[in-house]
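Note that ligands are numbered from 1 as they come in the structure, with each ligand's atoms numbered from 1 the same way.
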Amino acid sequence: MDVEAREQQHVPMWLVGHSISDPEVQVDGGLVDDELNAGYDMISGCITNSSFHKRVEDAIAQARSEQRTHIHIEPLIADEVNMHPGHYMISVIGFASSWIELESADPLIAHVSKQVLDLELAYAAFCGLNQVVIPGPRNREQTAEYAQAISAALSHSTYMQLLIQLPIHDWIGDESAPAESPLYEPYSAWDAWNTIRTVCKYSGQLAVALQIPQRLPNPMVVRRWFCEPIRMLLISNATFCPNNKGFPVFSKAHQNMLTKYMRLRPVPYVLLEQTEFPPLLRAAIKIKHEDDAYLIYLRHLQKNQPPQSTVERFGSGYQDYLQSPLQPLADNLESITYEVFEKDPVKYQQYQNAIELALRDRPVGKEIVVAVVGAGRGPLVTRALKAAELSGRTIKMVAVEKNPNAYVHLLQKNRDVWNGRVTIIKTDMRAWKPTFMVDIMISELLGSFADNELSPECLDGVQRVLNPEGGVMIPQSYTAHFSPIMAPKIYADIATRRSDPDAFETPYVVLFQAIDTLSEEDYIHNAWEFAHPVPAGVLGEAASMGGGFVGLGDGGNDHNLRSCKVTFKVPRRGVVHGLAGYFESVLYGKVELSTRPDTIDQKSCDMISWFPIFFPLKTPIYLPDHSEVEVSMWRRCSERKVWYEWTVEAYVRSGNKRFPLGGSELHSSKKNGCLM
Ligand SMILES: C[S@@+](CC[C@H](N)C(=O)[O-])C[C@H]1O[C@@H](n2cnc3c(N)ncnc32)[C@H](O)[C@@H]1O
């Protein structure tokens, strides 16, 4: 099925390849055509063959007999390679020789292996290959040496992606032996990868070819790899088990893992390998060995993937994509931006429920003044009118908006849709001077970290017009929340912007996908809260210090300063790349909004208006098993700006004592602060 047809049928795009691991097989146009006709999307093959291997072994033997530690490997010749340039190379992935040992402690072997890799990569690039798989380090004690060799290889092959082949975990026992307790080192393969990519400075050319075993590790390890740049899943026939008719299928755990990994962007390739079954398994497993049974089953899984969630559908293409937060106060939003907010199926309903509750808390018969401050194109006005109808209350409806273009839209809506029932005012709410008081003041000035679009400052400025006799504000309060996370892909993206000195001093709005949480219980913490209306005394004092809209003097906004310090326990090792920020808000009574992954389903399921926010760290910090990470954050203000500062420290505990492991510098978004 071609790409377009698949997309039309909403079948996810999976590219499945056939791995030819026999180094004697020539990958030519005929073979590629045969494999594509058999239903594969691509094929992989060894770049060089056993003649080359033999030449290198002979050269090593010769060098040893002469007691030399360094030899020069002559360039490749035609009889030593399995591929040649051709249009079909677009469908081919190369494998570097599996016998090289870049990390060898023997200087001769290491030196020769590096030359072999260089020759193979250069030839692969000449043939037009875009990706080459390189066997990962076998001697994990020597990972730094391996990483150094890969770093050098990267600098030679500027356009090619190098995929490091690694198992999902390392076995320390017999994988096929039945075992109660795990016989594997859950994070040792990931440790090796972490060293390699750190040494290679998170190069975007480097990715993982992950081998999927028959017995999967615990879900923590599956999740850990999920945050890494997996470009390929290597699945051997030994990974399948037979169904009751003897055909190869996946266990439920494998199916779930595949569903998870195949939602990554870019979608990893699946490469089917034919390996010999381990002797014990061969006797035990009776899989029907029809050549295409494995591929047919994978295509069946592909067609039967669970449908995407609302958030996945809405956020498609935005996963892990960094955006600058909006500044709706300093800038005037475009109609299209409002239109995107208005697609949210949940936020406006929650607001309507909250407004209806607030109206029902007031007596029938008396006119209630309801104002939407920052009305945009008017969706909350429509909801307020609806809530009045449902609650049987009489309201005077007012809409305040400072964006002159949105104001025109509000006027048109009042004429054509609201039958002139709404009083529309074009002003900054902080300068609004109505002749009446407002009973219910509705706003939606929240950012991804609650207060980062200056809701507190705007609402302080308009609170003057709230009826002191029982006036209420919707939202009544909001809280900012955060969690230290591993986000290597996002970190790598920001690292490419190093020419911008503020790249790591900016919070980014981002729909997280490839991330891992570092803490387990209580992995998200509340940073601080804002509640409205602010006690009259607090605002009065701020005004006397120069607060309010006009001429905000020194200290006038100090009541909106906040800070927090939170310690998170980290049970399993990882790397902290920054902080994920979320928010919760009490609109009115029990009606709430949440973007926290652990409470969104209960408070405002399927709400899509806000992606989370990410506060990056310039230098990632490694956290060992059973460590602690301590986060300090500040909301800071000057007369004209609000910004955030953040720093992260790592500790280990021994007995009652805590030992510092290291900490980040103080990050500050002052230069990119939100303008008042
Ligand atoms: C996030 S939008 C929400 C729009 C709309 N209420 C909705 O929910 O779709 C915030 C709106 O508040 C307006 N706004 C922000 N600060 C304001 C201020 N100080 N005075 C008046 N309007 C303001 C912006 O122009 C923008 O239209």
Using atom types as modelled and distance alone, determine if a side-chain donor or acceptor of Q513 lies under 3.5 Å from a backbone N or O of D320. no
Is R562 positioned over the aromatic face of F530, cation under 6.0 angstrom from the ring centre and no more than 45 degrees off axis? yes
I'd like to know if A406 contacts ligand 1, where contact means a heavy-atom distance under 4.0 Å to any ligand atom. no
Proximal ligand 1 atoms for C458, defined as those under 4.0 Å from one of its heavy atoms: 16 (N), 19 (N)
Nearest protein heavy-atom contact for atom 18 (C) of ligand 1: which residue, which atom, what distance? M429 CE, 3.5 Å
Distance-only side-chain donor-acceptor flag, N405 / N332, under 3.5 Å: no
Please tell me if the side chains of R635 and C637 come closer than 4.5 Å, counting only heavy atoms from C-beta onward. yes
D516 side-chain N/O to C227 backbone N/O, donor-acceptor pair under 3.5 Å: no
Establish, for the pair K343 and F314, whether the NZ or CZ atom is under 6.0 angstrom from the six-membered ring centre and no further than 45 degrees off its axis. no
List the closest protein heavy-atom neighbour of atom 16 (N) of ligand 1: residue, atom name, distance to the nearest 0.1 Å. L329 CD1, 3.5 Å
Can V400 be said to touch ligand 1, with heavy atoms closer than 4.0 Å? no
Counting from 1 in the order shown, the ligand 1 atoms closer than 4.0 Å to a non-hydrogen atom of E444 are 1 (C), 2 (S), 3 (C), 8 (O), 10 (C)
Given that the side chain starts at C-beta and the backbone is N, CA, C, O, which of these parts of T427 lies under 4.0 Å from ligand 1, counting heavy atoms, or is it both or neither? backbone
Pick whichever of R377, K402, E342 has a heavy atom sitting closest to atom 22 (N) of ligand 1. K402
What protein heavy atom lies closest to atom 15 (C) of ligand 1? Include the residue and the distance to one decimal. L445 CD2, 3.7 Å
Donor-acceptor pair, S443 side chain versus L445 backbone, under 3.5 Å? no
Is L380 touching ligand 1 with its side chain, its backbone, both, or neither, if touching means heavy atoms under 4.0 Å apart? side chain
Assess the residue pair Y202 and Y491 against the criterion (ring-ring contact (aromatic ring centres under 6.0 Å, His included)); give the C-alpha distance rounded to whole Å, side-chain angles, the decisive distance to 0.1 Å, and a yes or no. CA-CA 8 Å; Y202 286 76; Y491 173 81; 4.6 Å; yes
Quick one: does any side-chain atom of N419 pair with a main-chain N or O of R421 as donor and acceptor, under 3.5 Å? no
Enumerated ligand 1 atoms positioned under 4.0 Å from heavy atoms of Y348: 7 (C), 8 (O), 9 (O)
N or O contact, K347 vs ligand 1, cut-off under 3.5 Å: yes
Between the side chains of H667 and Y644, is a donor N or O closer than 3.5 angstrom to an acceptor N or O? no
Note: ligand 1 atoms sitting under 4.0 Å from heavy atoms of D428 are 18 (C), 19 (N), 20 (N)
Is there a nitrogen or oxygen of P379 sitting under 3.5 Å from a nitrogen or oxygen of ligand 1? no
Looking at atom 12 (O) of ligand 1, what's its closest protein heavy atom, distance included? G374 CA, 3.2 Å
Given that the side chain starts at C-beta and the backbone is N, CA, C, O, which of these parts of A375 lies under 4.0 Å from ligand 1, counting heavy atoms, or is it both or neither? backbone
Using side-chain heavy atoms (C-beta onward) and a distance below 4.5 Å, is L675 in contact with L329? no
How close does the nearest protein non-hydrogen atom get to atom 25 (O) of ligand 1, and which residue and atom is it? E401 OE2, 2.6 Å
Which residue owns the protein heavy atom closest to atom 26 (C) of ligand 1, what's the atom, and how far is it? Y338 OH, 3.4 Å
